[in-house]
Amino acid sequence: MLKIGVIGCGAIGRDHIRRLTDLVPGAQVVACADYFKEAADKVAAQYGITAYETGEALIAAPEVEAVVITSSDPSHAGYVLASLEAGKYVFCEKPLAQNAADCEKIIAAELAHGKRLLQVGFMRRYDRGYAEMKRIIDSGELGAPLMIHACHRNVSQPDGFQTEMGVSNVAIHELDICRWLLGDEYEAGQVLKVRQSACSTKGYDNPQIVLLETKTGCRIDVEVQVADAYGYDIQCQVVCEKGTVNLPDPYAVVKRANATRSFPILTDWKDRFIEAYDIELTQWVQAVEAGKLTGPSAWDGYVACVAADALNRSRGTGMFRKIETIEKPELYQ
Ligand code: NAP
């Protein structure tokens, strides 16, 4: 049994604790921590595990063999660095850090160990729809990929949400999945503001459009709506030379009634990618037990943050910005 400590007992933290406890073979959650003490105490009582006062105390605890980080974005980099310093395997929810500079520190810390200890929570790579799209693209049957049209629509955002987070927290999923689907790297990008939706009254831009150009000249457009008032709607179409591949909508029963054909659209990301999260954590535990991580790496987390930084800097300039990374270390080849 891999003994796991989870830092962050909010929405996804509680969902991952349930998943690791009830579904994932070989996993045992033994500890939790949260900035909000009552949240950790409640989870600890529910699962009969230890609540630590701080994330740092949890990481240092001898009973904790591996760490899962599901706390708010600004805390990720510090907890990842502390976990690496303790020599422990760590799974960090996206984004890996708030900026590329912090990701570089994480890469340096992992390189010092000479082996991968970190996986980033880009769970869409484990979604059956995206995986099948990648299989078809990689088979070459449709020729070279040319363009991606994608959209990421959320129902609403919590207080404190800011325009930049539409890229660094929300579209960060597309920044990872598009380069993974294409097997390509980014050259440049920009963010455009469009006519604003009446659903956004809290001071952040909504919608925004992310435009990307890859090294091979593919073009990507991602519509980012963080308050659409109707559903959690993720779309992706890859246009290739001889055809297209589309991300399927999730399983839903079609109803025919009142002269209408209809099916429900999910509103919660936990339900939309439930199977992908299950597969992601199951494979992570297996990989930790085998001592060889294969899922999204510190490098993948870094590239997404480099792209997000460039995109956020482009806002309001009307210009594409270069997306430039450090040289890729051998560990991540
Ligand atoms: P949430 O419900 O707000 O939960 C975050 C929890 O972490 C809150 O209880 C918060 O406490 C706590 N926290 C904040 N700073 C902390 C710190 N320094 N140390 C310990 N705990 C701290 O948010 P969420 O929706 O679960 O998201 C958590 C993280 O997962 C985010 O980084 C998010 O981007 C990521 N996420 C990923 C996916 C995905 O699809 N892979 C989906 C959802 C979320 P307070 O409320 O007191 O601040």
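Counting convention: from 1, in listed order, for ligands and their atoms alike.
Of the N or O atoms in Ile7, none lie within a sub-3.5 Å distance of an N or O in ligand 1. On a distance-only criterion, Trp269 and ligand 1 share no N/O pair closer than 3.5 Å. Taking distance alone, with nitrogen or oxygen atoms compared against 3.5 Å, Ile12 approaches ligand 1 more closely than that limit.
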### Message
Could you walk me through whether Arg153 and Tyr230 satisfy the side-chain hydrogen bond (donor to acceptor under 3.5 Å, both in side chains) test, starting with their C-alpha distance in whole Å, then the side-chain angles of each, then the deciding distance to 0.1 Å, before giving a yes or no?
### Response
CA-CA 9 Å; Arg153 300 187 189 130; Tyr230 81 88; 2.7 Å; yes
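Between Lys94 and Asp73 there is no salt bridge, since no side-chain N of the basic residue sits under 4.0 Å from a carboxylate O of the acidic one. Classification of Arg124 and Asp127 as a salt-bridged pair fails, no side-chain N sitting under 4.0 Å from a carboxylate O. Under the 4.0 Å criterion applied to side-chain N and carboxylate O atoms, Asp233 and Arg272 are not assigned as salt-bridge partners. In summary, Lys322 and Glu187 engage in a salt bridge, as defined by a charged side-chain N under 4.0 Å from a carboxylate O. Electrostatic pairing of Asp184 and Lys215 does not count as a salt bridge here, judged by no charged N lying under 4.0 Å from a carboxylate O.
The Gly121 neighbourhood of ligand 1 comprises atoms 41 (N), with distances under 4.0 Å to a heavy atom of that residue. Using a 4.0 Å cut-off to heavy atoms of Asn169, the atoms of ligand 1 that qualify are 34 (O). For ligand 1 and His76, the ligand atoms under 4.0 Å from any heavy atom of the residue are 32 (O). For ligand 1, the atoms lying closer than 4.0 Å to a non-hydrogen atom of His173 are 39 (C), 40 (O), 41 (N). Shown in contact with Asp73 at under 4.0 Å from a heavy atom are these atoms of ligand 1, numbered in order with element: 31 (C), 32 (O), 33 (C), 34 (O). Proximity to Glu93 (heavy-atom distance under 4.0 Å) selects the following atoms of ligand 1: 30 (O), 35 (C), 37 (C), 38 (C), 39 (C), 41 (N). Below 4.0 Å from some heavy atom of Met123 lie the following atoms of ligand 1, by number and element: 40 (O), 41 (N).
Distance check on atom 3 (O) of ligand 1: every protein heavy atom falls at or beyond the 4.0 Å cut-off. For atom 23 (O) of ligand 1, the protein comes within 4.0 Å by no heavy atom at all. For atom 46 (O) of ligand 1, no protein non-hydrogen atom is found at a distance below 4.0 Å.
Not counting sequence neighbours, Gln162 has no partner by the side chain to side chain donor-acceptor pair (under 3.5 Å) test.
The number of heavy-atom neighbours closer than 6.0 Å to CD of Glu38, taken from other residues, nucleotides and ligands shown, is 12 or below.
Under the 30°/60° scheme for interplanar angles, the aromatic rings of Tyr332 and Trp299 are found to lie parallel. Aromatic ring orientation, Phe122 versus His173: perpendicular (interplanar angle above 60°, classes split at 30° and 60°).
Of the protein's heavy atoms, Ser72 OG, 3.1 Å lies nearest to atom 14 (C) of ligand 1. The protein non-hydrogen atom at the shortest distance from atom 28 (C) of ligand 1 is Thr70 O, 3.2 Å. Atom 11 (O) of ligand 1 has as its closest protein heavy atom Asp34 OD1, 3.1 Å. The protein heavy-atom contact nearest to atom 40 (O) of ligand 1 is Tyr277 OH, 2.6 Å. At the top of the distance list for atom 35 (C) of ligand 1, counting protein heavy atoms only, stands Lys94 O, 3.5 Å.
For the pair Arg18 and Tyr277, the cation-pi test (distance below 6.0 Å, angle within 45°) is failed.
Of the options Leu281, Thr21, Ile4, Ile69, a side chain to side chain contact (heavy atoms under 4.5 Å, CB included) to His16 is made by Leu281 and by none of the others.
For atom 29 (C) of ligand 1, the nearest non-hydrogen atom from the set Ser71, Gly10, Ser75, Cys9 comes from Ser71. Across the listed options Tyr79, Tyr35, Phe122, Phe273, Tyr79 owns the non-hydrogen atom lying nearest to atom 19 (N) of ligand 1.
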